[in-house]
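These notes are about the structure you will find just below.
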Amino acid sequence: QVQLVESGGGLVQDGGSLRLSCAASGLTFTRYGMAWFRQAPGKEREFAAAISWKNFNTYYADSVKGRFTISRDSAKNTLYLEMNSLKPEDTATYYCAADLWGLGSSRTEEYNYWGQGTQVTVSS
């Protein structure tokens, strides 16, 4: 059974930092492109960042570029999202997702598995 379990969310002030983690199990992690998506209340789920299964190429939404860094640790089967200079508009539930042989797509429909999400709230 595939499980993606996010952690690291919380309440932070404007300009602060958080590091999200996503622990993967039940799949061959090295075969999957991974991504972070986010969903704010009343809005559609949107792409934040992705990392490919091979070569670890990274991709970012314009709204987070330069502030967020996605990375992965194959030895720990874990995906990370380092978030700096957080803004109130970054407030959302953050989800990790896995895409078999994924090259870093920003499309939700490309992803086979999803976590339950972790809440990030940025206060002004």
Pairs where residues 9-36 contributes a residue and the test salt bridge (Lys or Arg N to Asp or Glu O under 4.0 Å) is met, not counting sequence neighbours: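 Matches after skipping sequence neighbours: R19-E82.
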Pairs in or reaching into residues 90-101: which pass salt bridge (Lys or Arg N to Asp or Glu O under 4.0 Å), with residues at least two apart or in two chains?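 Pairs touching residues 90-101 that pass the test: R38-D90, R67-D90.
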Which residues satisfy the side chain to side chain donor-acceptor pair (under 3.5 Å) test with S25, sequence neighbours excluded?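 With sequence neighbours excluded, S25 shows a side chain to side chain donor-acceptor pair (under 3.5 Å) to no residue whatsoever.
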Which pairs count as disulfide (SG to SG under 2.5 Å) when at least one residue sits in residues 37-87, sequence neighbours excluded?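 Output for this query is empty, none listed.
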According to ring pair (Phe, Tyr, Trp, His ring centres under 6.0 Å), who are the partners of F47, at least two apart in sequence or on a separate chain?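 For F47, the residues satisfying ring pair (Phe, Tyr, Trp, His ring centres under 6.0 Å) (neighbours in sequence not counted) are F37.
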Quick check: closest heavy atoms across [X] and [Y], and the distance to 0.1 Å?
X: Y60; Y: T69; result: OH-CA, 3.3 Å
X: S21; Y: T78; result: CB-CG2, 4.3 Å
X: Y111; Y: A50; result: OH-CB, 3.9 Å

Going by atom types alone, do Q13 and S123 pair a side-chain donor with an acceptor below 3.5 Å?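 Q13 vs S123: no donor-acceptor pair found between side chains.
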Within 6.0 Å of CD in Q39, more than 12 heavy atoms from elsewhere: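 Yes - once you tally the heavy atoms of other residues, nucleotides and ligands closer than 6.0 Å, there are more than 12.
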Neighbour count >12 (heavy atoms, 6.0 Å) for atom CD, E44: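 Open.
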What pairs meet the ring pair (Phe, Tyr, Trp, His ring centres under 6.0 Å) rule with one or both residues in residues 63-105, with sequence neighbours excluded?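 Checked against ring pair (Phe, Tyr, Trp, His ring centres under 6.0 Å) - neighbours excluded - the pairs reaching residues 63-105 are W53-W101.
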In the structure I gave you, are the side-chain heavy atoms of T118 and L20 within less than 4.5 Å of one another anywhere?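 Yes, at least one pair of side-chain atoms sits under 4.5 Å.
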Kindly indicate, with the supporting measurements, whether the criterion side chain to side chain contact (heavy atoms under 4.5 Å, CB included) is fulfilled by Q3 and L27. CA-CA 8 Å; Q3 282 194 309; L27 52 72; over 6 Å; no
